[in-house]
Amino acid sequence: MSDCLFCKIVNREIPGSIVYEDDHVLAFNDINPQAPTHVLVIPRKHISTLDDLDEGEAQIVGMTMVRASQIARTLQLNSEGYRLVVNHGEAAGQTVFHIHFHLLGGRNLPGSHRNRLRCRSRAGSRTTCRTCGRSRRRRALPRRISC
Ligand code: 5GP
Ligand code: ZN
């Protein structure tokens, strides 16, 4: 699609910091990373949103996800954990209307039980992790880590 930003990266009309490509999938670093690793993994084919997907595209989108998991392994994110996110529509924060997976990792991500156990403002008080059920005292960490 001629006016799509990500199609322009696919077609090399604008530069992208590409980390992986094959016949169907392209992956490049996000220009405004939200984590130490923030890679966008996209199908080369232009599909605007999840709403525009049809069953014929199941293989291409499935392959995009498989590639994302392989990239995560290559970047050694798999043992600590990572997040794979698709935003659909403006309320979810979609700003580029070419389907993409955000691959985020390299730190404890918001909502993870590690962050819930480390709230600085209540450091020292007891908390129970909603994910694993463990009870322990909150530890203080630098302010920029949220929970
Ligand atoms: P969305 O908000 O649609 O889920 O994600 C779009 C992502 O594309 C954002 O994280 C944004 O930082 C990223 N982005 C926007 N423009 C560019 C660009 O020109 N190059 C790259 N590499 N990423 C971009
Ligand atoms: Zn596109």
Side-chain angles (χ1 to χ4, degrees), residues 1-123 127-133 138-147:
M1 211 180 143
S2 59
D3 60 349
C4 169
L5 180 66
F6 288 175
C7 283
K8 287 181 180 166
I9 294 177
V10 168
N11 296 325
R12 304 295 206 273
E13 290 166 30
I14 62 170
S17 165
I18 292 169
V19 299
Y20 175 83
E21 65 179 320
D22 63 28
D23 289 347
H24 300 292
V25 176
L26 189 73
F28 49 93
N29 289 311
D30 196 293
I31 205 167
N32 182 25
Q34 303 300 308
T37 297
H38 188 169
V39 174
L40 300 171
V41 190
I42 71 170
R44 283 183 186 273
K45 180 179 180 182
H46 181 87
I47 305 166
S48 298
T49 75
L50 292 177
D51 241 4
D52 302 294
L53 270 179
D54 62 44
E55 289 182 11
E57 287 152 342
Q59 193 172 359
I60 210 165
V61 174
M63 190 49 74
T64 307
M65 208 164 172
V66 170
R67 295 299 179 229
S69 72
Q70 290 169 340
I71 293 164
R73 268 203 300 280
T74 302
L75 298 176
Q76 299 183 326
L77 299 175
N78 54 317
S79 58
E80 280 294 307
Y82 60 89
R83 191 166 284 167
L84 200 57
V85 177
V86 182
N87 294 322
H88 171 78
E90 289 177 12
Q94 186 175 10
T95 57
V96 178
F97 288 81
H98 178 133
I99 280 184
H100 50 280
F101 290 95
H102 294 259
L103 170 59
L104 295 149
R107 69 168 165 89
N108 294 336
L109 295 166
S112 70
H113 71 289
R114 289 186 185 178
N115 274 348
R116 286 202 290 271
L117 291 170
R118 292 180 178 189
C119 177
R120 182 187 176 92
S121 61
R122 287 171 292 161
T127 183
T128 304
C129 175
R130 276 176 282 161
T131 306
C132 67
R138 290 184 175 91
R139 280 183 284 162
L141 276 184
R143 224 169 259 292
R144 65 186 172 77
I145 294 177
S146 59
C147 63

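Whatever order the structure lists ligands and atoms in, that order sets their numbers, starting from 1. Everything numeric here is computed off the predicted structure, so don't read it as measured data.
Only side-chain heavy atoms of Phe6 come within less than 4.0 Å of ligand 1; its backbone N, CA, C and O stay farther off. If you look at His102 next to ligand 1, the close heavy atoms, those under 4.0 Å, all belong to the side chain. Residue contacts with ligand 1 for Thr95 involve both N, CA, C or O and side-chain atoms from C-beta outward (heavy atoms, distance under 4.0 Å). Of the heavy atoms in Phe28, only side-chain atoms (C-beta onward) come closer than 4.0 Å to ligand 1.
In the displayed structure, His38 atom NE2 is contacted under 6.0 Å by more than 12 heavy atoms of other residues, nucleotides or ligands.
On a distance-only criterion, Ile14 and ligand 1 share no N/O pair closer than 3.5 Å. For ligand 1, none of its N or O atoms has an N or O atom of Ile9 under 3.5 Å away. For ligand 1, the polar-atom distance check against Asn29 finds a nitrogen or oxygen pair separated by under 3.5 Å. Considering backbone and side-chain N/O of Gln94, none are found under 3.5 Å from N/O of ligand 1.
If you check which protein heavy atom lies closest to atom 5 (O) of ligand 1, you get His100 NE2, 2.9 Å. Of the protein's non-hydrogen atoms, the one nearest atom 2 (O) of ligand 1 is Gly93 O, 2.7 Å.
Here the side chain of Asn11 pairs no donor or acceptor atom with the backbone of Glu13 at under 3.5 angstrom.
Evaluation of the side chain to side chain donor-acceptor pair (under 3.5 Å) rule for Ser48 yields His46 as partners, not counting sequence neighbours. Judged as a side chain to side chain donor-acceptor pair (under 3.5 Å), and not counting sequence neighbours, the contacts of Glu57 are Lys45. With sequence neighbours left out, the side chain to side chain donor-acceptor pair (under 3.5 Å) criterion links Arg67 to Tyr20, Asp22, Gln70.
Of all the listed residues (Leu104, Leu40, Asn32, Asp30), Asp30 holds the heavy atom that lies closest to atom 11 (C) of ligand 1. The option from Val96, Ile31, Leu5 that lies nearest to atom 20 (N) of ligand 1, judged by heavy atoms, is Ile31.
By the 4.5 Å heavy-atom criterion applied to side chains, Leu84 and His102 are not counted as neighbours. The shortest distance between side-chain heavy atoms of Leu103 and Phe101 does not fall below 4.5 Å. With contacts defined as side-chain heavy-atom distances shorter than 4.5 Å, the pair Gln34/Pro110 does not qualify. Two residues are said to be in side-chain contact when any heavy atoms from C-beta on lie closer than 4.5 Å; His98 and Leu40 fail this criterion.
A side chain to side chain contact (heavy atoms under 4.5 Å, CB included) with Ile42 holds for exactly one of Val25, Val10, Ile99; it is Val10.
Interatomic distance, Leu77 CG to Thr37 OG1, rounded to the nearest 0.5 Å: 4.5 Å.
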Problem set entry | Stepwise side chain to side chain contact (heavy atoms under 4.5 Å, CB included) check, Tyr82 with Arg73 | CA-CA 10 Å; Tyr82 60 89; Arg73 268 203 300 280; over 6 Å; no

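Shown are the protein N/O/S atoms under 2.8 Å from the Zn ion (ligand 2), given by residue and atom: Cys4 SG, Cys7 SG, His46 ND1, His98 ND1.
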